[in-house]
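Below is one structure, written out as structure tokens; the observations come after it.
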Amino acid sequence: AEALIATGARSAGVVLHGLEGDRLLAWSGEEPPADVIERAGAVRGWERAIRSSGTAQLDILVPLFLSGEAIGVLLCLGTSATRSAVESVAKVLTLALERERLLRERAHVEALRESEELKTALLRAVSHDLSTPLTAIGFQVGALRRKLGGNAEALATVGELEVEASRLHRRIEDLLALGQLEAGSVVPRPEPVPPADLFRSARESLSLVRRSFNVAVDADCPEVFADPSLALEIVVNLVENADRASWDGASIELCAGSLDGKVRLGVLDRGRGLEGLEPGWTIDARDVTPRGLGLEIAQRFAAANGGSLKLEARIGGGVAAWVLLPAAAEGMPAAAEGLSTVTEGTTP
């Protein structure tokens, strides 16, 4: 605007377009006219606009474009400068605005990166500080079990301690993995995984869960194409949720089949169900409130593998957790590894 004033214009300035309306960014010279916003809005998107001021001088209004989108208008009022001179100033101004936008985006990205690095570092520190006492608790629980001998009631209590300690340890590891995924320090490495193997590994990982399972895998069910470690944690977290929600003596059902070209894994329980959800209704796991940590981890890990997680209220009580994951292409070779750590200078 000041450069245009130097060419003899009475006044000059810039109006920027925005989602909440146009606004005056800068102005030099005489006071801006009362209808400056309206005048700028009238030429939105035009290649150029020129209007005579009734004298030898002109009011020249030039739209400003970034990436083909009109972002504002340069107004030069009462000037004897040529149209090409004003348009040249508009081009320089556009470059300056583009540079400012890029600098803001760079600062934002840098702030996000530092925030993710800090979060990952904090998660690692918390994981270490919590894992150490948990390991000591595990040793003490084992020693207590040996000392109790045949006291069935006391041994049952010790068994509950083992289950909860194991669950807490798993939560810590899951949170650390989730933080690394979101920070981009690790990326999923998908490979074909048989659903039956996932269910078997989940039951082995939850050997302390004292509950029966009913497992059913359709004969034509394809293999899951997902990171094995993340897919396992999805099932494990859903089984833990089902175990806590189920009535005493109720079994947990694990099933797998094909749906719309993908693999649908199911973890079904018989318990209190979802409050406010009618039997047969389905809800996306992201819309469940309040959402427990196990469900949050399962949903995030499913999304990281290109899948989704939905919950269905079962007729007769209980919840069916349905995980939809990509199916492995027929004949696809298995990968050698699971999660891959990303380090500077390497390609995941």
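Heads up: numbering here begins at 1 and tracks the sequence.
Proximity of a side-chain donor or acceptor of Asp227 to a complementary backbone N or O of Ser229 within less than 3.5 Å is detected. Between the side chain of Asn151 and the backbone N or O of Ala154, at least one donor-acceptor pair lies under 3.5 Å. At least one donor-acceptor pair closer than 3.5 Å links the side chain of Asn305 to the backbone N or O of Phe301. Arg314 contributes no side-chain N or O that, together with a main-chain N or O of Pro279, makes up a donor-acceptor pair within less than 3.5 Å. When atom types are taken as modelled, the side chain of Arg211 and the backbone of Ala250 share a donor-acceptor pair closer than 3.5 angstrom. Of the possible polar contacts, one joining the Asp59 side chain to the Gly78 backbone as a donor-acceptor pair under 3.5 Å is found.
Between Val215 and Arg203, some side-chain heavy-atom pair lies under the 4.5 Å cut-off. In this structure, the side chains of Leu206 and Asp243 stay at 4.5 Å or more apart for every pair of heavy atoms. Looking at Val62 and Ile60, their side chains come closer than 4.5 Å, going by heavy atoms from C-beta outward. A heavy-atom distance below 4.5 Å is not found between the side chains of Val224 and Arg264. Looking only at side-chain heavy atoms (C-beta outward), Val239 and Asn237 stay at 4.5 Å or farther from each other. Annotation: side chain of Lys262 is not in contact with side chain of Leu325 (no heavy-atom distance under 4.5 Å). In this structure the side chain of Glu31 never reaches within 4.5 angstrom of the side chain of Ser11, judged on heavy atoms. Under the 4.5 Å side-chain criterion, counting only non-hydrogen atoms from C-beta, Val73 is not in contact with Leu64.
Of the inter-residue distances, the one linking Glu233 atom CD with Ile297 atom CD1 reads 8.0 Å to the nearest 0.5 angstrom. To the nearest 0.5 angstrom, Ser251 atom OG is 4.5 Å from Asn214 atom CG. The distance from the CG atom of Asp287 to the CD atom of Gln299 is 9.5 Å, given to the nearest 0.5 Å. Separation of atoms CD (Glu87) and CG (Leu93) is listed at 13.5 Å; rounding is to 0.5 Å. Put simply, CD1 on Ile252 and CD on Glu240 are 10.0 Å apart, with the number rounded to the nearest 0.5 Å. We find the CG-CG distance between Asp22 and Leu16 to be 8.5 Å, quoted to the nearest 0.5 Å.
Taking 4.0 Å as the cut-off between side-chain N and carboxylate O, Glu296 and Arg286 do not count as a salt-bridged pair. Electrostatic pairing of Arg104 and Glu100 counts as a salt bridge here, judged by a charged N lying under 4.0 Å from a carboxylate O. Note on Asp284 versus Lys310: salt bridge recorded, some NZ/NE/NH1/NH2 to OD/OE distance being below 4.0 Å.
Annotation for Asp269 and Gly271: closest pair OD1-N, 3.5 Å, computed over non-hydrogen atoms. Minimum interatomic distance between Gly13 and Leu74 (heavy atoms only, all atoms of both residues): O-CD1, 3.5 Å. Closest of all the heavy-atom pairs between Ala9 and Thr79 is CB-CB, 3.7 Å. Between Ala327 and Val263, the shortest heavy-atom contact is CB-CG2, 3.8 Å. Listed here is the closest heavy atom pair of Pro192 and Ala328: CB-CB, 3.8 Å. Minimum interatomic distance between Ala298 and Ile234 (heavy atoms only, all atoms of both residues): O-CG1, 3.9 Å.
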Using the side chain to side chain contact (heavy atoms under 4.5 Å, CB included) rule, take Leu75 and Val14 through it: C-alpha gap first, then chi angles, then the decisive distance, then the call. CA-CA 6 Å; Leu75 300 93; Val14 178; over 6 Å; no
List the steps and the verdict of side chain to side chain contact (heavy atoms under 4.5 Å, CB included) for Ile283 and Leu274. CA-CA 10 Å; Ile283 186 172; Leu274 290 170; 4.2 Å; yes
Check step by step if side chain to side chain contact (heavy atoms under 4.5 Å, CB included) holds for Glu223 and Val193. CA-CA 5 Å; Glu223 294 182 329; Val193 183; 5.9 Å; no
Please test Leu238 against Val323 for side chain to side chain contact (heavy atoms under 4.5 Å, CB included), starting from the C-alpha separation and ending with a verdict. CA-CA 10 Å; Leu238 292 178; Val323 184; 3.5 Å; yes
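Under a 4.5 Å side-chain heavy-atom cut-off, the cluster of Ile, Leu, Val, Met, Phe, Trp and Tyr residues that includes Leu259 is completed by Leu324. Here Phe139 is tied to no hydrophobic group at all, with no ILVMFWY side chain closer than 4.5 Å.
Counting heavy atoms of neighbouring residues, nucleotides and ligands inside a 6.0 Å radius, atom CZ of Arg272 does not exceed 12 of them. Around atom CG of Asp260, no more than 12 heavy atoms belonging to other residues, nucleotides or ligands sit under 6.0 Å away. Within 6.0 Å of CD1 on Ile315 lie no more than 12 heavy atoms contributed by other residues, nucleotides or ligands. The neighbour count for Glu69 CD, taken as heavy atoms of other residues, nucleotides or ligands under 6.0 Å away, does not exceed 12.
In terms of hydrophobic clustering, with Ile, Leu, Val, Met, Phe, Trp and Tyr side chains grouped at heavy-atom distances under 4.5 Å, Leu168 and Leu161 are assigned to a common cluster. Tracing side-chain contacts under 4.5 Å through hydrophobic residues (I, L, V, M, F, W, Y), one never reaches Trp247 starting from Val267; they form parts of separate clusters. In terms of hydrophobic clustering, with Ile, Leu, Val, Met, Phe, Trp and Tyr side chains grouped at heavy-atom distances under 4.5 Å, Leu95 and Phe65 are assigned to different clusters. In terms of hydrophobic clustering, with Ile, Leu, Val, Met, Phe, Trp and Tyr side chains grouped at heavy-atom distances under 4.5 Å, Leu309 and Leu268 are assigned to different clusters.
Partners of Ala256 by side-chain contact (heavy atoms from CB on, under 4.5 Å), not counting sequence neighbours, listed by chain and number: Pro195, Phe199, Val217, Cys221, Leu265.
Side-chain polar atoms of Trp322 and Glu312 form a donor-acceptor pair below 3.5 angstrom.
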